[in-house]
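This structure is a prediction, so every number in the text was calculated from the model and none was measured.
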Amino acid sequence: MESDHIEHRQREITRLCIQCALLLLQHGAESMLVEQLSSRLGVALGVENVESSISANAVVLSTIHRGHCVTSTRKNIDRGINMHVVTEVQRIVILAEHRLLDIEQVQKRLDNIKPLRYPRWLMVVMVGLSCACFCRLAGGNLDTVTTTFFASALAMYARQVLTSIQMNPLINFFATAFVATTASGWLVNWLDISKAPIAMASCVLLLVPGFPLINAVADMFKGHINTGIARWTMASLLTLSTCIGVVVAMAVWGFRSWL
């Protein structure tokens with residue numbers, strides 16, 4: 001009976017560890033952080049060791065306790081970058097390490113984690129302001145900054161709509177870049193702005209995949225070569241989709257502001 005209880009407890013801890021790892025990986029945490037937090041959670045809950053193998057599409061995790069090994073595998077589905085989820089998982093692990101949470105409480109807290117989503121209108125306004133600030137830093141005047149704000153805000157709204165219908169990210173980035181370039185190009189022609197290239201370049205800065213690129217480099221530096229290459233490849237494809245969207249918009253509407 002005791003051995004059955006220990007085995008059942010180990011299986012529960014294994015499920016919690018891989019759930020922790022999956023939540024982190026799905027929401028943009030780097031691979032080393034995923035590996036460390038899942039291992040710390042398992043040790044805090046009572047197993048001797050936790051070993052994991054992380055790839056772009058799956059997580060394989062094993063717990064070892066009293067010579068008995070339990071292994072579990074989960075498929076990874078990207079759910080977008082959300083540091084609120086990563087922070088909440090970190091907080092749960094720390095509480096477990098301080099013996100403030102048991103297995104049932106950890107399970108309940110992990111199940112109750114909900115990604116923090118800001119209101120759409122706030123995201124649209126803040127992205128528009130950020131791109132407008134980049135435009136100003138690049139030397140844009142008031143007309144250029146205003147054009148960048150409206151074009152990037154419209155592009156962000158289009159991106160949110162495409163995301164809500166679960167559009168493929170590559171198509172999403174292509175369409176968003178097309179909308180941003182189209183809006184900025186028409187505003188530049190209508191207002192007869194002299195610094196058109198600054199406006200047209202600044203309005204697509206919301207599509208720069210900075211976080212995936214940073215994670216890719218961090219993964220490769222810390223030994224997770226395969227995951228780092230996968231993330232770098234995806235970030236490069238997103239950048240390529242953005243470039244294609246810009247070029248197609250310029251070709252369709254006959255914009256020559258960048259030439």
Side-chain angles (χ1 to χ4, degrees), residues 2-117 166 169 211-212 214-216 218-234:
E2 183 180 357
S3 61
D4 291 341
H5 174 72
I6 293 175
E7 184 177 348
H8 174 74
R9 180 181 175 86
Q10 185 178 355
R11 285 198 299 268
E12 291 297 320
I13 294 173
T14 305
R15 292 192 190 101
L16 291 176
C17 289
I18 201 165
Q19 184 180 356
C20 166
L22 198 59
L23 279 171
L24 292 168
L25 192 61
Q26 286 177 337
H27 292 92
E30 62 174 281
S31 300
M32 181 60 72
L33 183 63
V34 175
E35 186 178 281
Q36 289 177 344
L37 287 179
S38 58
S39 177
R40 286 168 55 187
L41 179 62
V43 173
L45 293 177
V47 298
E48 297 171 1
N49 193 20
V50 178
E51 300 288 344
S52 59
S53 176
I54 300 168
S55 67
N57 298 321
V59 179
V60 180
L61 185 141
S62 298
T63 59
I64 303 170
H65 185 60
R66 296 186 179 181
H68 187 258
C69 179
V70 177
T71 301
S72 183
T73 304
R74 294 290 187 277
K75 183 179 180 180
N76 175 44
I77 300 175
D78 183 32
R79 300 192 183 280
I81 298 168
N82 195 306
M83 289 298 102
H84 170 72
V85 174
V86 176
T87 303
E88 287 299 310
V89 173
Q90 287 178 309
R91 184 176 290 111
I92 292 171
V93 172
I94 293 172
L95 290 174
E97 287 179 325
H98 286 82
R99 303 293 187 265
L100 298 176
L101 298 177
D102 57 19
I103 292 178
E104 290 75 18
Q105 291 170 324
V106 170
Q107 180 71 73
K108 184 178 180 180
R109 290 210 176 199
L110 288 177
D111 291 339
N112 289 334
I113 292 178
K114 303 296 181 184
L116 177 63
R117 305 292 185 190
Q166 298 182 345
F211 206 94
I214 292 172
N215 275 347
D219 284 347
M220 287 188 280
F221 267 106
K222 295 175 183 179
H224 295 272
I225 304 298
N226 293 334
T227 309
I229 291 175
R231 285 176 164 173
W232 184 278
T233 302
M234 188 60 190

- Task: Could you walk me through whether Lys108 and Glu104 pass salt bridge (charged side-chain N to carboxylate O under 4.0 Å, His left out), step by step?
- Result: CA-CA 6 Å; Lys108 184 178 180 180; Glu104 290 75 18; over 6 Å; no

Within the side chain of [X], is there an N or O that forms a donor-acceptor pair under 3.5 Å with the backbone of [Y]?
X	Y	answer
Thr227	His224	no
His98	Ile94	yes
Asn215	Gly28	yes
Gln105	Asp102	yes

Going by heavy atoms in the side chains, are [X] and [Y] under 4.5 Å from each other?
X	Y	answer
Ser62	Val70	no
Lys75	Asn57	no
Gln19	Gln107	yes
Asp219	Met32	no
Thr71	Leu61	no
Ile81	His27	no

Atom of [X], atom of [Y] and distance for their closest heavy-atom approach:
X	Y	value
Ala96	Val106	CB-CG2, 4.2 Å
Ala58	Leu25	O-CD2, 4.5 Å
Pro212	Arg231	O-CB, 4.2 Å

- Query: Please walk me through it: do Gln26 and Asn82 pass side-chain hydrogen bond (donor to acceptor under 3.5 Å, both in side chains)?
  - Reply: CA-CA 9 Å; Gln26 286 177 337; Asn82 195 306; over 6 Å; no

- Query: Can you check side chain to side chain contact (heavy atoms under 4.5 Å, CB included) on Arg74 and Ser72, steps first, answer last?
  - Reply: CA-CA 7 Å; Arg74 294 290 187 277; Ser72 183; 2.6 Å; yes

- Atom pair CD (Glu97) and CG (Leu37), whose distance is rounded to the nearest 0.5 Å: 8.5 Å

- Task: State, without any angle test, whether Arg40 and Ser38 hold a side-chain donor-acceptor pair at a distance under 3.5 Å.
- Result: no

- Query: How far apart are the C-alpha atoms of His68 and Ile64, what are their side-chain angles, what is the distance that settles it, and do they pass the side chain to side chain contact (heavy atoms under 4.5 Å, CB included) test?
  - Reply: CA-CA 6 Å; His68 187 258; Ile64 303 170; over 6 Å; no

Review item, side-chain donor-acceptor pairs of residues 41-52, under 3.5 Å, at least two apart:
unit_1: Glu48; atom_1: OE2; unit_2: Arg66; atom_2: N; d: 3.1
unit_1: Asn49; atom_1: ND2; unit_2: Glu51; atom_2: OE2; d: 2.8

- Item | CA sep, side-chain torsions, deciding dist, call: Thr63, Thr14, side-chain hydrogen bond (donor to acceptor under 3.5 Å, both in side chains) | CA-CA 6 Å; Thr63 59; Thr14 305; 2.6 Å; yes

- Item | Verdict with supporting geometry, Ser55 and Asn226, side chain to side chain contact (heavy atoms under 4.5 Å, CB included) | CA-CA 7 Å; Ser55 67; Asn226 293 334; over 6 Å; no

- Any salt bridge between Glu12 and Arg9, counting N to O under 4.0 Å? no

For residues 83-92, which side-chain N or O atoms pair as donor and acceptor with protein atoms under 3.5 Å away, sequence neighbours left out?
unit_1: Thr87; atom_1: OG1; unit_2: Met83; atom_2: O; d: 2.8
unit_1: Glu88; atom_1: OE2; unit_2: Arg91; atom_2: NH1; d: 2.5

- Pair listing, salt bridge (charged side-chain N to carboxylate O under 4.0 Å, His left out) test, anchored in residues 24-34, at least two apart: Glu30-Lys222

